[in-house]
Amino acid sequence: VLGNRFRDIFAGIRGEVRLTPAAVEAALREIRLALLEADVNFKVVKAFVARVRDRAVDRKVLDSLTPAQQVVGIVRDELLALFGKQRPVFGATGRRPQVVLLIGLQGSGKTTTAAKLAHWLRRQGRRPLLVSVDVRRPAAVEQLAVLGSQADLAVHDPAERESAAARARSAVEQARADGFDTVIVDTAGRLHVDDVLMSELDEIAAAVDPTERLYVADAMTGQDAVKSAGEFHRRAAITGIVLTKMDGDARGGAALSIVAVVGVPIVFSGCGERLEDLESFAPDRMVSRMLG
Amino acid sequence: NEGAAADRRATADSIEEVLLEADVGVAAAARIMAGIDAEAAAAGGPPLRGRVRREMLRILSAPPPPPPVAASPRVVLVVGVNGTGKTTTVGKLAALLQREGARPLICAADTFRAAAIDQLAAWAQRAGVDMVKARAGGDPAAIVYDAIDAARARGRDVVIVDTAGRLHTRSDLMAELEKIRRVASRAVAGAPHDVLLALDATVGQNGLVQARQFLERAGVNGIVLTKIDGTAKGGIAVAIACELGLPIRYVGVGEALEDLLPFAPDAYVDALFT
Ligand SMILES: Nc1nc2c(ncn2[C@@H]2O[C@H](COP(=O)(O)OP(=O)(O)OP(=O)(O)O)[C@@H](O)[C@H]2O)c(=O)[nH]1
Ligand SMILES: Nc1nc2c(ncn2[C@@H]2O[C@H](COP(=O)(O)OP(=O)(O)OP(=O)(O)O)[C@@H](O)[C@H]2O)c(=O)[nH]1
Ligand SMILES: [Mg+2]
Ligand SMILES: [Mg+2]
C-alpha cells in the first residue's frame, strides 16, 4: 500500500525522476497517513517521520534514479531498527527456578499465553510450572487449570486464595522442591491507572524476584497502547513484550508504539487460541503487515 | 484576516489531534473537521471546539429505538472478538435488566473457552439470575434453543446469550453465529432482537473492520463499549456510528456487577475532550 502511494506521488512529477524536498514532504505525508491508519500512536508517528525526513533529504537520496524505492527503503530500515535486535528469552541466568511474570490489561491474552509459553518451554526440554495468581476474576484460576490439564502441563494451585504474592511464592517453593526450572506466573488483568492493582504487581515481584516481566498486549490496540505500556513499564520494568491475536487482520501499529515507548523487544506473537499458537516475533513480517 | 485564519487552523489541528488520539481515525476525523471548517469559514460563528462537540453529539445520538415488540422471550446475543468483555457484560446486563423489572435468563453458549461456563455461572449467581448451559455435545445453537424453551417454561421474558470470542477473519466461526441467529429466529418471531457487539475501548481501526463484519454476518444492531474506565476513549465507535449507523447502547465502566451504564452521548463527548 505504501509502495503504491509513493508510485502515485512520484508519477505525478512527470519526467522528473529526481526528488525535491517538496516531493519528499508529500511522501512523508503519505507515510504519516499509512502509519496512523495502521494504529501507530500519533506522537510516535511524528517522531518517526522526522527521522525518515532527516535521512530522505540526504543528497544521495535526492539525486537517486529510484527515489520512491529509496524512501520506501528508508522507512523499512527505520521500522526494522525500531523493532530492535531480537534477544533470547529465558537465556541461562544460573537462577533456578527462573520466574516469568505475565502482566497486562484485561483480556489481552495473558492466561492463554501462559499455557502456550509453558508448552513452548517444554518443547525446548525445560520443566515449567504454571501458577495463576488471579484471585479476582471469576474462574480465572480454573481457566488456567483446565488449559494445563488439557495440555498435560504442571499447574500449581495452592490453598491460598487471597494473596497473589503468597500464591506466587508458593509456586516458587514447589518448583525448587520438585525440580521445575521455570515458574510462569499468570496475573490478573488490570488497568495501568488502578493504583491498588499496580501496587499488587510490586508485591508479587517483591515475593518472587522475576527474571522476566512480559507485557502481554493485544495487536488490535489503538492509540492507547502508548499510555498503558508506558505506565506498566514505569511501574513494573517490562523486560519483553508479547503481542497477541496476530492471527486477526489488525495492522498492528501498537507494536511500534509499544516498542517506541518501552524500549524492549517484542519476543513472541500469539497467533491463535491453541497451545501451539505462539511464535518468535518476526520483525520483517511485522513491518510488511504494518505498511499494508 | 490572516491572523484569525492561522488561529483557526491551529485550533482545528489541535482538535483533530484529540480526535486521532481517541481512535476516531483519520477518515472519520477528516469528515468531521471538513463539515466544521465549511460552516466556521462561512459563519465565523461560535468557537470550533463547540461545533465539533455538536457534530459528534449529532453522530452519536441515535434515534430512540422502536418500542420493543412484545416478544416472548426477547433474545439478546452478545458477540465480538476475543477478550472484549462479553461474558462479564452478560452478567452485568442480566443484573441491569432485572433492576428494570425484567425476568432474565442467561444462556451459556460458549462451549469452547476453558472454564467459560464456570465464569458465567459465577456472574449468574452474583446477579441472582438462572443460567442454562449445554446438556451434552455443546452445539451453541442448540443451547440457545434450549434456553428459549426454558425461558418459556419458567416465565422468563428475556434470554441473554454469551457467545465465544471469535475473530471476524474466521469464516467458520462467523458461520456459527449465523446458525445461532437462524435457530433463534425460528424459535421466536424477530429473534435475535438485540445483537450487541462488545467492543473494547482500547481497540484501534480494526474495531471498524470488526463492526462491518459482525454487522454483515451476525446482524449486530448495537454496541457495548467496554473498559471505558481505562484511559482509552473508544473513539472508533464514532467512526462506526458515522459509517454504519450502529448506536452505542451501553458502556462498561469496570469489573463489578453494577459497572454497566446506558450510553450517555454528552458524558461520552465531554470525556473525549478531557
Ligand atoms: N485468536 C486469538 N485469540 C487469542 C490469542 N490469545 C488469546 N486469545 C483469546 O483471547 C481471549 C482472552 O484470553 P485470556 O488468556 O483469557 O486473556 P487474559 O489476559 O488472561 O484476560 P484477563 O485475565 O481477564 O485479563 C480468549 O478467548 C483467548 O482464547 C491469540 O493469539 N489469538
Ligand atoms: N476495566 C474493565 N474491565 C472489564 C470490563 N468488562 C470486562 N472487563 C474485564 O475484561 C476481561 C475479559 O472479560 P471477559 O468477560 O472474559 O471477556 P470475553 O469477551 O467474554 O472473552 P472471551 O470469551 O475469551 O472472548 C476480564 O478481566 C473482565 O473483568 C470493563 O468494563 N472494564
Ligand atoms: Mg487471565
Ligand atoms: Mg467470554
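Keep in mind it's a predicted model, so treat the numbers as computed, not measured. Proteins get letters first, then strands, A, B, ... in listed order; numbering begins at 1 in each.
Between chain B and the options Lys227(A), Glu142(A), Glu231(A), heavy-atom pairs under 4.5 Å are most frequent for Lys227(A). When the candidates Pro138(A), Ala140(A), Ala225(A) are compared by the number of heavy-atom contacts under 4.5 Å with chain B, Pro138(A) comes out ahead. When each of Leu147(A), Thr244(A), Asn41(A), Asp247(A) is scored by its heavy-atom pairs under 4.5 Å with chain B, the top score falls to Asp247(A). Looking only at heavy-atom pairs under 4.5 Å with chain A, the residue among Val203(B), Thr226(B), Asp118(B), Leu120(B) that has the most is Val203(B).
Heavy atoms closer than 4.5 Å to chain B are found in the side chain of Lys46(A), but not in its backbone. For Gln119(B), the parts lying near chain A are the backbone and the side chain together; criterion is any non-hydrogen pair under 4.5 Å.
Other residues, nucleotides and ligands contribute only 12 or fewer heavy atoms inside 6.0 Å of the CZ atom of Arg285(A). Around CD of Gln125(B), the count of heavy atoms belonging to other residues, nucleotides or ligands within 6.0 Å does not exceed 12. For CZ of Arg32(A), the number of neighbouring non-hydrogen atoms (other residues, nucleotides, ligands) closer than 6.0 Å is 12 at most.
The line from CD of Glu255(B) to CZ of Arg137(A) is 9.0 Å long, rounded to the nearest 0.5 Å. Rounding to the nearest 0.5 angstrom, the gap separating the CG atom in Leu199(B) from the CE atom in Met220(A) is 10.0 Å. Separating the CG atom in Asp200(B) from the OG atom in Ser108(A) is a distance of 9.5 Å, to the nearest 0.5 Å.
Ala114(B) and Val146(A) get closest at one heavy-atom pair: CB-CG1, 3.6 Å.
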Practice problem: With side-chain contact (heavy atoms from CB on, under 4.5 Å) as the test, would you mind laying out the steps for Val26(B) and Leu33(A) before giving the verdict? | Solution: CA-CA 8 Å; Val26(B) 171; Leu33(A) 274 182; 3.4 Å; yes
Practice problem: Could you go through the salt bridge (Lys or Arg N to Asp or Glu O under 4.0 Å) check for Glu21(B) and Lys43(A) one step at a time? | Solution: CA-CA 9 Å; Glu21(B) 196 176 18; Lys43(A) 291 200 186 90; 3.8 Å; yes
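Within residues 190-203 of chain A, the residues having any heavy atom less than 4.5 Å from a heavy atom of chain B are, in residue-number order, Leu191(A), His192(A), Val193(A).
For the residue pair Asn206(B) and Asp39(A), no side-chain donor N or O sits within less than 3.5 Å of a side-chain acceptor on the partner. Using a 3.5 Å distance cut-off with no hydrogens or angles, the side chains of Glu37(A) and Gln205(B) do not pair a donor with an acceptor.
Ionic pairing of Arg170(B) and Glu273(A) is not present here: no N-O contact between side-chain nitrogen and carboxylate oxygen is shorter than 4.0 angstrom.
By the 4.5 Å heavy-atom criterion applied to side chains, His168(B) and Asp249(A) are counted as neighbours. Side-chain contact between Lys233(B) and Asp224(A) is absent, with no heavy-atom pair separated by less than 4.5 Å.
Within the structure, the side chain to side chain donor-acceptor pair (under 3.5 Å) test picks out the following pairs touching residues 83-98 of chain B (sequence neighbours left out): Thr87(B)-Asp162(B).
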